[in-house]
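All remarks here apply to the structure that follows.
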Number of protein chains: 2
Amino acid sequence: MSTAQGARARARIEVTAAIKDEARRQLAAEGAAKLSLRAVARELGMVSSALYRYFPSRDDLLTALIIDAYDSLGEEAESAHAEVAAAGPRERWITVCVAARRWALAHPHEYALIYGSPVPGYTAPQETVPAASRVGVLLIGVVRDAYGGKGVARTPLPAEMKTEAQRMSAELAPDLPPEVIVALVASWAQLYGLIGFELFGQFNRVVEDREPFFRHAVGRLAHDVGLVYPEQAATAGGPPSP
Amino acid sequence: MSTAQGARARARIEVTAAIKDEARRQLAAEGAAKLSLRAVARELGMVSSALYRYFPSRDDLLTALIIDAYDSLGEEAESAHAEVAAAGPRERWITVCVAARRWALAHPHEYALIYGSPVPGYTAPQETVPAASRVGVLLIGVVRDAYGGKGVARTPLPAEMKTEAQRMSAELAPDLPPEVIVALVASWAQLYGLIGFELFGQFNRVVEDREPFFRHAVGRLAHDVGLVYPEQAATAGGPPSP
DNA sequence: GTCTATAACGAGATAGAC
DNA sequence: GTCTATCTCGTTATAGAC
């Protein structure tokens with residue numbers, strides 16, 4: 001009886017994976033807006049109503065794809081980071097950013113799903129938040145370690161940002177000073193600005209040799225969040241140099 | 001006969017505008033991927049074949065909407081800039097960025113059309129380039145003026161970026177040093193990272209008081225491209241402060 | 001209980017004959 | 001330019017196999 005349940009569970013996992021794989025294929029071909037349960041079922045040789053045993057609605061399938069995409073990106077970033085865990089914070093920061101770009105270039109349609117235009121009529125549920133946070137958490141960790149090791153340069157905040165900065169700090173990383181959290185969140189958004197512009201064609205005929213450009217840009221972001229070169233930690237605030 | 005032709009031309013302009021208005025409405029409701037000439041025609045009480053007198057294909061209608069969106073954004077940024085044309089480069093930079101954000105918040109679906117995920121099966125023709133360049137040209141102008149006025153802090157480039165930086169400089173602004181152009185292009189992409197994250201919901205539950213956050217972040221971008229406060233122009237490279 | 005299949009709904013798109 | 005017959009879609013109800 002336990003073997004029967006095991007087989008059943010295994011089959012269920014396999015079918016679920018097949019549905020998501022086919023859905024991802026359609027995502028690439030037609031975009032998230034045109035993702036259709038019926039087309040997925042047809043391609044798999046199933047009948048559309050059978051899909052409802054696996055995903056209660058089209059939106060639930062979309063949510064699963066979104067969480068998978070965030071997790072796939074998060075894993076890529078985390079394993080890249082693990083390989084340089086012993087390095088300095090600036091190198092770790094750049095490694096995480098480069099891994100995020102690499103993942104995005106390898107999975108452009110899934111990138112568009114999570115960081116591109118919202119899908120009309122769909123709003124992501126709270127379940128997506130943990131997976132969506134993984135890269136951000138990683139970057140916070142890098143800065144936290146640097147801050148413990150005094151490698152962080154603090155830059156002052158304008159008066160009208162003080163309360164919001166304190167709220168953000170309390171919410172995201174109470175052990176880090178507000179001005180660092182503000183720079184971190186801005187850099188986080190700016191990182192995806194760089195990736196999105198490359199992926200969505202805005203850099204066509206503008207930036208040709210993209211990898212060094214990207215590395216240099218995220219190196220400047222590292223500087224913005226206070227990750228300076230070791231020898232500059234004392235005289236923090238100076239421009240980065242190779 | 002010239003009056004008849006005038007009336008004809010006027011009617012054509014009006015119908016063209018009505019088609020684009022209706023198409024924009026559908027853009028907001030269903031997204032660019034599902035934009036359908038038939039649906040636009042139905043809503044206007046026309047027959048679908050009549051639309052082809054105004055737009056030879058769905059892609060041409062999309063192109064027109066994209067150019068309109070870029071132009072609308074460009075106009076907003078340019079007129080905002082004109083009002084502070086006499087101010088310092090840092091204030092002019094921030095004004096342009098704030099205007100871009102204001103336009104994006106007022107026209108989220110058109111923003112998604114031009115800076116969001118690519119529309120499956122559509123590739124933008126070269127005609128869109130001039131309109132798409134307007135904000136970038138504006139930002140280059142601000143930095144150019146500052147550079148002439150010595151308000152620009154130069155930061156060194158890594159060796160592997162030198163040739164690409166020189167190519168970009170020659171292409172975009174031969175009168176500006178390569179390291180400034182690189183910082184400018186990166187900041188340009190990062191600006192839309194900030195706007196996109198706010199617009200597409202990535203800042204939900206992360207950044208609440210967004211305007212001061214945005215102003216502060218683009219102030220840091222200004223600093224990245226070398227637009228420091230007048231009194232700091234000599235000791236360039238220091239952190240920005242209000 | 002778990003799954004798949006049939007059939008149907010209401011809504012919308014589409015192709016072609018007229 | 002109009003009409004109609006035939007597609008698509010998400011979703012549900014129901015029945016039967018395992």
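The structure presented is a predicted model; accordingly, all values stated were derived computationally and were not measured. Chain identifiers are assigned alphabetically (A, B, ...) following the order of the sequence lines, protein sequences preceding nucleic acid strands; residue numbering begins at 1 within each chain.
- Here D/dT11 presents its P atom at 7 Å from CG of A/D59, a figure rounded to the nearest Å.
- Classified by interplanar angle (parallel below 30°, tilted 30° to 60°, perpendicular above 60°), the ring pair A/F203/A/F213 is perpendicular.
- A distance-only check finds no donor-acceptor pair linking the side chain of A/T95 to the backbone of A/A80 [under 3.5 Å].
- Counting any heavy atom pair closer than 4.0 Å across all strands shown, A/L35 reaches sugar-phosphate atoms only and no base atom.
- Protein atom CZ of A/R58 is 10 Å distant from nucleotide atom C1' of D/dC9, rounded to whole Å.
- Salt-bridge check for B/R24 with B/D68: passed, with a basic side-chain N closer than 4.0 Å to an acidic carboxylate O.
- Between the CZ atom of A/R53 and the C1' atom of C/dG1 there is a distance of 9 Å, rounded to whole Å.
- Between A/L61 atom CG and D/dG10 atom P there is a gap of 10 Å when expressed in whole angstrom units.
- Looking at which nucleotide of DNA chain D each of A/L37 and B/A50 is closest to, the 5′-most match is held by B/A50.
- Counted by atom type alone, B/Y122 and B/T63 present one or more donor-acceptor pairs between their side chains at under 3.5 Å.
- The minimum heavy-atom distance linking B/A32 with B/L62 is given by the pair CB-CD2, 4.4 Å.
- Proximity of residues 38-49 of chain A to DNA chain D (heavy atom under 4.0 angstrom from any strand atom) is restricted to A/R38, A/A39, A/R42, A/S48, A/S49.
- A/E30 places its CD atom 16 Å from the P atom of C/dA13, with the value rounded to the nearest Å.
- For A/E160, the CD atom is densely surrounded, since the number of other residues' heavy atoms within 6.0 Å is greater than 12.
- An OP1 or OP2 oxygen of C/dC3 is reached within less than 4.0 angstrom by a side-chain nitrogen or oxygen of A/R12.
- At a threshold of 4.0 angstrom between heavy atoms, the contacts of A/Y54 are confined to the sugar-phosphate backbone, with no base atom among them.
- Of the candidates B/V218, B/L138, B/L191, B/L138 is the only one forming a side chain to side chain contact (heavy atoms under 4.5 Å, CB included) with B/V96.
- Distances shown here put a side-chain N or O of A/Y52 below 4.0 Å from the OP1 or OP2 atom of D/dT11.
- Remark: P of D/dG10 and CD1 of A/I19 are 13 Å apart, rounded to the nearest angstrom.
- In this structure, CZ of A/R10 is placed 17 Å from C1' of C/dC3, rounded to the nearest angstrom.
- Put simply, NZ on A/K34 is 17 Å from P on C/dG12, counting in whole angstrom units.
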